[in-house]
Amino acid sequence: MRLLNSILLLTASSFIGLSSGAGLESTVTRQQTKAALHSVTTDRYIFEFGGSNAETDSKELISMLENKFSDASLSVGRLFNHDLMKGVTINIGPKKEASSGSKSNGNSSIDTASEKDQEKLLNDIFKAVSDSGLVKKIYPVHPVQGPDTDVRIASADDIDVSNLIPHAQTQVDRVHKELKNTGKGITVGILDTGIDYNHPALGGGFGEGFKVRLGKDLVGDNFGYTSAVPEPDDDPLDSCGANTGSVGHGTHVAGIIAGKTAVCIYNYLKRHFYYTTCSHLTTNFTGVAPDVTLGMWRVFSCYGVSGDDIIMDAMLDAFDAGVDIISMSLGSFNAWPESTLAVVTERIIAKGTPVVVSAGNDGDLGAFSGSNPSVAKGAFSVASFDNNYNLLPIFEVDGSQESYAYADSLPKYGEFPSGVIVAGDKDIGGKDDACVSSAIPANVKGNLALVQRGTCSFDEKAIQLGEAGAAGVIIYNNEPDQEILAPSLVNARIPVVAVTYETGETLKALIQQGNAKLTFAGKEEVHKSFTGNTVSDFSSVGASYEMDMAPNIAGIGGNVLSTLPEQLGSWGMMSGTSMAAPYVAGSVALYLNQFKDDEEKTSDSTYILEQFQNYAYKARQVHGNSDVESPYLQGAGLVQVYDTLTQDIHVTPGGISFNDTINMEKTHKFTIKNNADYIVSYQLVNNVSVSIEPYVDTESYIFAEPQYYGTESAKIRFSKKNIKLSPGKSVEVSATVIPPSTDPALHIMYGGFIQLKSQQQKVKDITIPYVGIVGDQRELPVYADQTPHLTNSTNPLSDYIVWGPNDTYVYDRREPSTAPTFMIRLASPTRDIASPVYNSRGRKIGEAFVGLEYMARTASVHTGYTATWNGKYYPYLFNLRLPLPLPVLPGKYRIGLDALKWLGDIDNKDDREKWLSPVIKVK
Ligand SMILES: *[C@@H]1O[C@H](CO)[C@@H](O)[C@H](O)[C@H]1NC(C)=O
Ligand SMILES: *[C@@H]1O[C@H](CO)[C@@H](O)[C@H](O)[C@H]1NC(C)=O
Ligand SMILES: *[C@@H]1O[C@H](CO)[C@@H](O)[C@H](O)[C@H]1NC(C)=O
Ligand SMILES: *[C@@H]1O[C@H](CO)[C@@H](O)[C@H](O)[C@H]1NC(C)=O
Ligand SMILES: *[C@@H]1O[C@H](CO)[C@@H](O)[C@H](O)[C@H]1NC(C)=O
Ligand SMILES: *[C@@H]1O[C@H](CO)[C@@H](O)[C@H](O)[C@H]1NC(C)=O
């Protein structure tokens, strides 16, 4: 594929106005940046051609535009001349320093040029593109934020970490041992932050003959930081140092798929290992498919910035390089399957190449917290399960053999000191430990203070204790049998760690005996995890905004040991669906290797996904009882690779979405095919899961964070209850749902598993996850918190002034800071917000914004969108609405923001939630 990099046409000047007019910006926190990033409209667009040769189409389009008018500034980015995408990215804008016209003095901008000239220019462009018949669709280019995983360097040289490798949980160990399948001959293409291929566990080199054979760098180290344009080269090496904030994400991901340590020979005479890299930590490490070949397409710079045109380019290049699987641990908080990346993902899948994508790490935000492109139809959308074991730092108690695991706070304020432990509250364990300073004993000064979690925040406790002179704080949980939570701190300035309830009780007893000294020496140990084999609490919750089941499968992503770049410590622990996706990608590699010669089983990515779904392990819910976790969280469940590769009965589809009540197709059919050479028989049962109560209440419809659980369950009627199937035969069964009769206003998200209970020992049960919603999604409010707001502030976190419906807002265009801003918070995702501009006579003259499309629901209570109006409008002209706005004449205007309701009909006026601004007087 050929790239046309930054060929400048007409002019080299930059663009004005476009992104500010159409742009949505948001604020500071991680979630906020996320929410904002996913909807920001840049001034780059991908023009998809209808023809078969993008190169000639692109030339034709550009020279045509070039010839027709000289007042626009266009620059061409990437050319996509690919079977799966014919198009070109173009920046379009009016020239900043328009040199057209007779009276040019070099300073005349579009704002000051005569309006008539501009209109002509715009007309020309619209008409030219429209008349050319070349362009079929225009996609906006979104920035994509890099992974934000925390890493913990592993330094556990002297302990056996083999338990940490989770292959027993997924049957990967049996595939390696019993099937002697390690993925040899299969190639996995990864899109990530680059890789340290010099790591001994990743082959020690790059190119022909090495484990990492394919790939390139599409961005360079400094893209998005000191460099505004990508600096591509042919080397996907991650050479970012720790000071860039880079954590070696791509290297970790690669190790999960294909890491493999050298066999170390212990020299008994000299009593050391032959290779310095050999230690206990590294001798037993093996990835899911340790003998696959890898490709790394580096799409994130050291500063974690990319764009979906870059990612699309990498996907197409990986596809062309002939990889067997594409693995992407990336995404944006937005679960519309119509995004640019999702579209390309679907096209690659349609060609038979499985695309495995992390589902997202926003489980704490409740239902519908999935991301793009994992919601692409047919993609492996991967949820995370926790490892059964975790590598945790430990401290010791002087005079005792016992050691205790702890978790450091986030962020971490210095090394935790060793010292004497004392009670941090006069009534320790009395629910509000250290919440008021008067309850803190004087002897915390210079010592380590123990307090129980509860009533006030971790931060508040640590501040009070810090003021009382404590050297460090140990917070213990207030409930037994819980995983250790890393406390999040904002204002505390002394070291804080957390321990379990059980450890806390032990320490309390030690304090009562007097003068217990704790030693923190930076040691680590492997501990069994309370949350092993359940869905990780960070794992995003489905469904897609179109109600497709996503996530649909799961891998191990919570507490994962893998490789790091050598300069970052070589080995480390990370958690995220970023880790779960490569786990599944490696599993798919084992599958493809197993059935190398079986076209029928390998040519269709959907078939492969179904086979994994059929035999997945269903988790129970974390905190509790015996309830089965919802498929909205786990999809079909955790991959069971040995069963997937050895069981011969296949069910299609692999999952069912009954949609909401209005769009419900009550009866779905599924087909069971017996590829074995023996008769199988099953009994069909409905194994219900917990349901999800997504909202805090039925007034605001704000998503609960995390979602609440309920017990409401659906009934399923089967057309056959018992199945007997001869070799080679298949049977179709229909399943008719009777959703729970809950109040439709609650929008209960029910689910479960259709379970084919095998009547024979050697034949495994098969399950088909199903989900549905009781209620009509269209009835949900789109806007939240009485927004939209009209204001002159662009900072949603400030105390801003809101203009009421009868007020008049004055916008003086000579003072850009007086531009009106609309603050929008979305209770529900919306496919489209129309933004008609009405003149003083109430006539619609155009749209205030472009690109308010496929918008994610607001991520959390602190976030929102802002859209600042620059006094321009996009006229209603032709079918293609190019981002070329006209300034309004001075006068009074109102702007509508009419949001399409969730699952509403875009052509039905009644499916809009409308809002009309106060009068805006534009000067
Ligand atoms: C162009 O604008 C700049 C800054 O506003 C000003 O200093 C300069 O004199 C202007 N040039 C002309 C030719 O008007
Ligand atoms: C490697 O794992 C095996 C069991 O899986 C264990 O017996 C052995 O001690 C481990 N070796 C090292 C060096 O950790
Ligand atoms: C649910 O219904 C909506 C509206 O008709 C449709 O767009 C969507 O594709 C449906 N989803 C599924 C999974 O059937
Ligand atoms: C439902 O699934 C769970 C988890 O796999 C299993 O333990 C339980 O036996 C199943 N229930 C029925 C009725 O089959
Ligand atoms: C917004 O308007 C108010 C009232 O006119 C004014 O006091 C304030 O300074 C303005 N804020 C900004 C950010 O312009
Ligand atoms: C705006 O004016 C209308 C009509 O005069 C009045 O009914 C309404 O109460 C006013 N609203 C506010 C918020 O002042």
Side-chain angles (χ1 to χ4, degrees), residues 20 25 27 169-171 383 385 532-535 553-554 613-622 624-640 643 647 655 681-691 709 711 713-716 718 721-723 735 750-760 763-771 786-823 866-871 892 894 915-921 923:
S20 63
E25 291 160 12
T27 41
Q169 266 172 276
T170 54
Q171 304 177 335
F385 272 50
N533 242 6
T534 63
V535 177
I553 195 75
Q613 290 178 306
N614 289 172
Y615 295 100
Y617 166 84
K618 304 189 291 288
R620 294 177 185 285
Q621 209 196 317
V622 196
N625 45 50
S626 57
D627 296 336
V628 176
E629 183 63 275
S630 168
Y632 279 114
L633 280 91
Q634 64 174 325
L638 181 65
V639 289
Q640 297 296 298
D643 291 345
Q647 292 289 308
S681 43
Y682 296 103
Q683 188 201 353
L684 270 54
V685 299
N686 171 20
N687 194 340
V688 299
S689 74
V690 291
S691 55
Y709 283 112
T711 52
S713 55
K715 292 192 174 71
I716 306 269
F718 299 106
K721 271 212 152 144
N722 292 289
I723 308 263
Y750 63 87
F753 294 82
I754 294 169
Q755 189 164 352
L756 276 58
K757 280 186 167 244
S758 164
Q759 309 299 301
Q760 293 129 295
V763 179
K764 299 281 180 177
D765 288 6
I766 290 178
T767 50
I768 307 149
Y770 67 86
V771 293
Q786 287 101 47
T787 66
H789 287 158
L790 172 63
T791 173
N792 63 346
S793 163
T794 51
N795 178 3
L797 292 188
S798 67
D799 288 329
Y800 57 82
I801 301 165
V802 177
W803 269 253
N806 298 342
D807 299 335
T808 296
Y809 186 102
V810 180
Y811 173 23
D812 181 349
R813 280 178 286 185
R814 284 161 305 187
E815 281 298 331
S817 68
T818 64
T821 292
F822 299 93
M823 302 250 182
T866 65
T868 299
W869 189 48
N870 59 2
K892 291 182 174 174
R894 285 180 194 265
W915 179 84
L916 187 62
S917 79
V919 171
I920 300 171
K921 187 172 169 192
K923 293 205 219 170

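For this chain, numbers begin at 1 and follow the sequence in order. Note that the structure is predicted; figures quoted are calculated from it, not measured. Counting starts at 1 for both ligands and their atoms, in listed order.
Per-atom contact check: atom 4 (C) of ligand 6 does not touch the protein, criterion being a heavy-atom distance below 4.0 Å.
Judged by distance alone, with hydrogens and angles left aside, the side-chain atoms of Gln683 form no donor-acceptor pair with the main-chain N or O of Gln759 at under 3.5 Å. With hydrogens and angles ignored, the 3.5 Å screen pairs a side-chain donor or acceptor of Thr791 with a backbone N or O of Ile801. Judged by distance alone, with hydrogens and angles left aside, the side-chain atoms of Gln634 form no donor-acceptor pair with the main-chain N or O of Val535 at under 3.5 Å. Looking at Asp765, its side chain does come within 3.5 Å of a backbone N or O of Ser758 through a donor-acceptor pair.
Counting the atoms of ligand 4 from 1 in the order shown, those under 4.0 Å from a heavy atom of Gln755 are 1 (C), 10 (C), 12 (C), 14 (O). Distances below 4.0 Å separate heavy atoms of Arg620 from the following atoms of ligand 4: 6 (C), 7 (O).
The single protein non-hydrogen atom nearest to atom 10 (C) of ligand 6 is Asn806 ND2, 2.3 Å, given as residue, atom name and distance. Here the heavy atom of the protein found nearest to atom 7 (O) of ligand 5 is Ile801 CD1, 4.5 Å. Scanning the protein for heavy atoms near atom 1 (C) of ligand 5, the closest one is Asn792 ND2, 1.5 Å. At the top of the distance list for atom 11 (N) of ligand 4, counting protein heavy atoms only, stands Asn687 ND2, 3.0 Å. Atom 13 (C) of ligand 6 has Pro805 CG, 4.0 Å as its closest protein atom, hydrogens excluded (heavy atom only).
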How far apart are the C-alpha atoms of Glu629 and Tyr709, what are their side-chain angles, what is the distance that settles it, and do they pass the side chain to side chain donor-acceptor pair (under 3.5 Å) test? CA-CA 10 Å; Glu629 183 63 275; Tyr709 283 112; 2.9 Å; yes
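If you check the side chains of Asn686 and Tyr770, you find a donor sitting under 3.5 Å from an acceptor.
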